[in-house]
Amino acid sequence: GQNIDQPTEMTATEGAIVQINCTYQTSGFNGLFWYQQHAGEAPTFLSYNVLDGLEEKGRFSSFLSRSKGYSYLLLKELQMKDSASYLCAVLNYGGSQGNLIFGKGTKLSVKP
Amino acid sequence: DAGVTQSPTHLIKTRGQHVTLRCSPISGHKSVSWYQQVLGQGPQFIFQYYEKEERGRGNFPDRFSARQFPNYSSELNVNALLLGDSALYLCASSLEPSNTEAFFGQGTRLTVV
């Protein structure tokens, strides 16, 4: 089966750091994505991890442990505009197709 | 450069009707994937097309169909609409089916009444 779990909601304060966790159990694995999605808009790409370890990109970092089926997205120096849903997605590429398997998303609210 | 464009942005249909949604990928991208996102959920994979051929299909009924044209644009068709088909329909384009760099369009918000 395919299962991706992430918390439904999180709240944090402007200027703080927040970590959004994601665990996955999928039949295939070709990498893990994090997307940001503001209400009513399309998901926008944040990060892609295919090897274990930490990838840092500005205020955003993403970590992957393939052996544990675990990833997290770390957001530093939170801003009000970071209030959005954050989607964890596993790339399942097999045969001739590649599709993303998404979690339900974590709604992050940043408070002043 | 234009990103992924989808049309229409919003539409309202009645149960039992048919709908066609359109997607133009980023120039040079040959793979198009369709996803359905119900409110409060993550996107669910419907179809992937590459070089005008279906490369993958998610767990959706036969009422859902799609095709890709020679210019790599794509249409998603849904017949006999149900209330549960109300969702945001997202199109993603990538160079190849491996999808390591997939870019999403703004989506079509379909409401079935």
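In this text the structure is predicted, and so the values were computed from the model without any measurement. We name chains A, B, ... by the order of the sequence lines, and we start the count at 1 in each one. The analysis underlying the following values was restricted to heavy atoms, covering all of them including side chains, and did not include hydrogens, waters or symmetry mates.
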Is chain B contacted by the side chain of Q37(A), its backbone, both, or neither, given a heavy-atom distance below 4.5 Å?
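Answer is side chain: those atoms of Q37(A) sit under 4.5 Å from chain B.
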
>> Let's go through T44(A) and F103(B) carefully: what are the C-alpha distance in whole Å and the side-chain angles of both, what is the deciding distance for side chain to side chain contact (heavy atoms under 4.5 Å, CB included) to 0.1 Å, and is it a yes or a no?
In response: CA-CA 7 Å; T44(A) 55; F103(B) 297 88; over 6 Å; no

Q.
For residues 57-66 of chain A, give me every residue with a non-hydrogen atom less than 4.5 Å from any non-hydrogen atom of chain B.
A.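 When heavy atoms of chain B are the reference, residues 57-66 of chain A contributes no residue within the under-4.5 Å range.
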
Taking non-hydrogen atoms and a cut-off under 4.5 angstrom, which of residues 71-84 of chain A neighbour chain B?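 Answer by number: none.
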
Exercise for review: For L87(A) and P43(B), work out which heavy atoms get closest and say how close.
Suggested key: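 In terms of heavy atoms, the two residues are closest at CD1-CD, 4.0 Å.
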
Identify the two heavy atoms, one from A42(A) and one from G105(B), that lie closest to each other, and give their separation to 0.1 Å.
->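 It is CB-O, 2.6 Å.
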
- Message: To the nearest 0.5 Å, what is the distance between CZ on F102(A) and CD on Q41(B)?
- Response: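 Rounded to the nearest 0.5 Å, the CZ-CD separation comes to 13.0 Å.
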
Between CD on residue Q44(B) and CG on residue L100(A), distance to nearest 0.5 Å:
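Q44(B) CD to L100(A) CG: 12.0 Å, rounded to 0.5 Å.
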
Going hydrophobic residue to hydrophobic residue with side-chain gaps under 4.5 angstrom, can you get from [X] over to [Y]?
{"X": "Y86(A)", "Y": "L88(B)", "value": "no"}
{"X": "L108(A)", "Y": "F33(A)", "value": "no"}
{"X": "F45(B)", "Y": "L90(B)", "value": "yes"}
{"X": "I101(A)", "Y": "Y48(A)", "value": "no"}
{"X": "I26(B)", "Y": "L95(B)", "value": "no"}

_chain B interface, residue from P43(A), G40(A), C88(A), G31(A) that has the most non-hydrogen pairs under 4.5 Å_ =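 The answer is P43(A).
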
Tell me whether [X] at atom [atom1] has more than 12 heavy atoms from other residues, nucleotides or ligands lying less than 6.0 Å away.
{"X": "R63(B)", "atom1": "CZ", "result": "yes"}
{"X": "L39(B)", "atom1": "CG", "result": "no"}
{"X": "N71(B)", "atom1": "CG", "result": "yes"}

Beyond-backbone contact of N99(A) with Y35(B), side-chain heavy atoms, under 4.5 angstrom:
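Yes, their side chains come closer than 4.5 Å.
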
- prompt: What about F104(B) and Y35(A), are their ring centers closer than 6.0 Å?
  reply: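 Yes; Y35(A) has its ring centre under 6.0 Å from that of F104(B).
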
